[in-house]
Amino acid sequence: MKYAISGAKMQKVDQQFIKHIGIPSLVLMERAALGVTRRLFEHYCLERCLIVVGSGNNGADGLAIARQLMERGIVPEIYCCGAIEKATEEFKVQYGILKNLGANFIEQLEKKPYTVVVDAIFGVGLKREVTGDYKEVICFLNALSSPKVSVDLPSGVEATTGKIFGCAIKAHRTITFGFYKQGLFFYPAAEYAGIVELEEAGFHASYLTSVEEESYVYEREDVKRLLPIRKPWGNKGTYGKLLIVAGGDTMAGAAYLSAYAAYQAGCGMVKVCTGEPNRQILLTKLPELLLSSFQTKEEAMARVKEGLDWADVVVFGSGMGRNEITLSLLHLLLEECECPLVLDADGITMLENEKWRLKEAKCDIIITPHLKEFSVLSSISIDKIKENLVKTARDFCEEYPIICALKDARTVVTKQAESAYINRSGNSGMATAGSGDVLGGIIGSLLAQGMEPMKAATLGVYVHGLAGDVAKKRLGEYSMTAGNIAEYLHDVLGGK
């Protein structure tokens with residue numbers, strides 16, 4: 001697990017280390033530059049290297065990189081943007097050293113066959129549109145065919161939301177310091193950042209908790225650490241009983257995908273409660289299912305009440321439709337369910353005018369809306385939601401005591417008074433019907449196996465994306481389906 005923080009938080013952490021711990025800024029700068037220098041030697045030919053710097057501390061990092069390259073026999077060309085007389089003190093120190101060393105400062109950019117270009121123009125402090133000479137420089141660099149490496153984040157990218165300030169460097173690789181910056185993971189910035197690599201640079205994560213870390217991401221090794229342990233003496237009851245209320249009368253696929261994913265993720269027993277027309281196809285597709293069906297609202301209420309007496313976890317809403325049966329079952333669950341409850345699709349949108357019910361529920365609730373569903377639930381426009389997914393989801397959870405897995409190209413998971421999770425796994429091939437049903441089944445399965453709700457939601461989102469990445473590798477983004485995501489869970493969870 002690694003932390004990902006906002007630009008403002010990074011600036012605060014930087015000052016904490018300098019002023020309160022006492023590590024000089026030039027020492028932190030040297031550590032950061034060493035990380036970039038090492039990566040440059042690791043990945044690129046440095047025979048013809050251009051370093052473009054701004055007059056702030058990001059530019060000072062770039063100057064430190066130039067000096068370290070010179071120490072190893074590389075003589076980069078260095079181009080400075082902005083007025084040096086208005087530069088930061090750290091920049092002036094680094095600039096003076098390079099002047100004394102006779103560094104190769106150039107007065108004008110030219111189109112040359114550089115083997116690599118280092119972008120150190122703007123850092124996390126950028127808050128305004130890029131215009132004038134800076135814009136011309138960025139556009140010039142983007143037009144070069146040379147690989148570009150950005151220092152901390154691509155110049156022109158907003159560090160917290162991933163917004164582009166008019167224009168930005170289109171980097172092949174971004175080497176960021178201390179902690180990941182949230183904006184690097186969100187689009188459109190993610191398209192500009194290229195491969196993102198993290199250098200510690202002297203910052204200590206143990207100290208970050210005292211300044212309230214913003215969010216975190218998982219790495220592949222976290223799956224084994226977080227997964228519920230399979231007990232050699234266990235039986236089907238040991239691994240949980242999951243009730244999935246899904247499919248309505250016509251969407252058997254939604255119920256099937258959710259149930260199939262739940263079994264693939266390790267659940268011991270899965271019962272589907274669905275409309276009678278779905279019975280045959282579900283039992284044909286997945287004979288391992290326990291199944292109860294209904295034809296009327298009264299039967300549906302009775303079947304779900306019976307299921308509540310049996311289940312350890314309930315997943316509700318996929319393919320149910322916006323109708324009286326769905327609304328009645330939703331009311332029943334929010335009033336009587338005492339085990340963890342996962343709400344998806346129509347189970348979310350039917351709360352549009354009844355959000356207050358979330359505050360009165362007796363159970364832990366996880367909602368898994370995509371942007372449109374969350375817009376319906378929250379009455380916030382999709383464009384507004386996309387401006388800052390983390391803040392929007394967090395604000396909602398501060399008002400309503402739930403866990404929200406807000407799904408987009410980068411899904412975020414939030415809970416009141418806890419750090420947000422940002423998901424990096426997954427790909428565009430997962431933008432296909434049924435993908436959300438699979439996610440609901442995975443989260444429900446992990447809950448049924450005893451995982452704490454926030455961990456089940458975050459790990460469920462992560463392994464869902466990892467399975468999608470396996471499907472992409474095997475089948476390609478164009479041809480994969482939601483069923484493939486569930487099918488390849490075994491690769492992610494240790495089957496291969």
Side-chain angles (χ1 to χ4, degrees), residues 4-6 157-164 180-193 196 214-218 257 261 317-318 342-349 351-352 366-398 400 402-415 418-443 454 456-469 471-472 477 480 482 485:
I5 65 179
S6 68
V157 164
E158 205 280 321
T160 303
T161 65
K163 172 186 174 181
I164 304 301
Y180 287 116
K181 312 308 178 294
Q182 285 182 5
L184 291 171
F185 300 132
F186 293 109
Y187 291 92
E191 286 190 287
Y192 287 75
V196 178
E214 292 281 330
S215 55
Y216 59 96
V217 297
Y218 285 147
L257 289 167
S318 297
V342 180
L343 298 179
D344 186 32
D346 300 312
I348 297 169
T349 58
L351 282 170
E352 177 181 3
I366 299 172
I367 64 171
T368 59
H370 55 56
L371 295 183
K372 178 61 176 176
E373 291 163 349
F374 188 79
S375 179
V376 171
L377 177 66
S378 65
S379 301
I380 302 172
S381 71
I382 291 176
D383 287 343
K384 189 69 175 176
I385 294 167
K386 288 174 75 70
E387 286 180 8
N388 193 330
L389 260 68
V390 172
K391 185 179 187 305
T392 304
R394 179 181 279 133
D395 288 349
F396 190 84
C397 290
E398 286 300 319
Y400 299 97
I402 62 168
I403 294 167
C404 176
L406 179 53
K407 298 181 294 193
D408 195 22
R410 291 288 188 262
T411 294
V412 300
V413 184
T414 59
K415 181 183 179 183
E418 289 195 17
S419 299
Y421 168 75
I422 301 173
N423 189 58
R424 295 185 294 167
S425 63
N427 58 81
S428 68
M430 299 175 70
T432 185
S435 182
D437 306 327
V438 171
L439 176 61
I442 295 171
I443 294 174
M454 185 65 175
T458 56
L459 184 63
V461 167
Y462 185 53
V463 300
H464 178 252
L466 289 177
D469 289 337
K472 172 188 172 181
E477 290 174 289
M480 58 185 284
I485 300 171

Please report the closest heavy-atom contact between [X] and [Y], naming both atoms and the distance.
| X | Y | value |
| --- | --- | --- |
| Gly434 | Ala482 | C-CB, 3.3 Å |
| Ala190 | Phe185 | CB-O, 3.9 Å |
| Leu459 | Tyr218 | N-CE1, 3.8 Å |
| Asn427 | Gly468 | ND2-O, 3.0 Å |
| Thr414 | Ala420 | CG2-CB, 3.7 Å |
| Ile367 | Ile402 | CD1-CD1, 3.5 Å |

Would you say the side chain of [Y] lies within less than 4.5 Å of the side chain of [X], judging by non-hydrogen atoms?
| X | Y | answer |
| --- | --- | --- |
| Met430 | Ile485 | yes |
| Phe186 | Asp408 | no |
| Val390 | Gln182 | yes |
| Thr458 | Tyr216 | yes |
| Phe396 | Leu377 | yes |

Under 3.5 Å, is there a donor-acceptor pair between the side chain of [X] and the main chain of [Y]?
| X | Y | answer |
| --- | --- | --- |
| Thr392 | Asn388 | yes |
| His464 | Ser435 | yes |
| Asn423 | Val412 | no |
| Thr161 | Gly183 | no |

So how far is it from [X] [atom1] to [Y] [atom2], rounded to the nearest 0.5 Å?
| X | Y | atom1 | atom2 | value |
| --- | --- | --- | --- | --- |
| Leu343 | Cys404 | CG | SG | 11.0 Å |
| Leu351 | Ser378 | CG | OG | 12.0 Å |
| Ile366 | Asp344 | CD1 | CG | 11.5 Å |
| Asp346 | Glu373 | CG | CD | 7.5 Å |
| Ile382 | Ser375 | CD1 | OG | 5.0 Å |
| Met480 | Ser428 | CE | OG | 8.5 Å |

Hey, mind stepping through Lys407 and Val461 against side-chain contact (heavy atoms from CB on, under 4.5 Å) and telling me if it holds? CA-CA 9 Å; Lys407 298 181 294 193; Val461 167; over 6 Å; no
Please say which of Ile385, Thr368, Thr411 ends up in a side-chain contact (heavy atoms from CB on, under 4.5 Å) with Leu406.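 When Ile385, Thr368, Thr411 are each tested with Leu406, the side-chain contact (heavy atoms from CB on, under 4.5 Å) holds only for Ile385.
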Measure the acute angle between the ring planes of Tyr421 and Tyr462, then classify it against the limits of 30° and 60° as parallel, tilted or perpendicular.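 It falls in the perpendicular class, over 60°.
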Pairing donors with acceptors under 3.5 angstrom, does anything connect the side chains of Ser425 and Asp469?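 No donor-acceptor contact under 3.5 Å links the two side chains.
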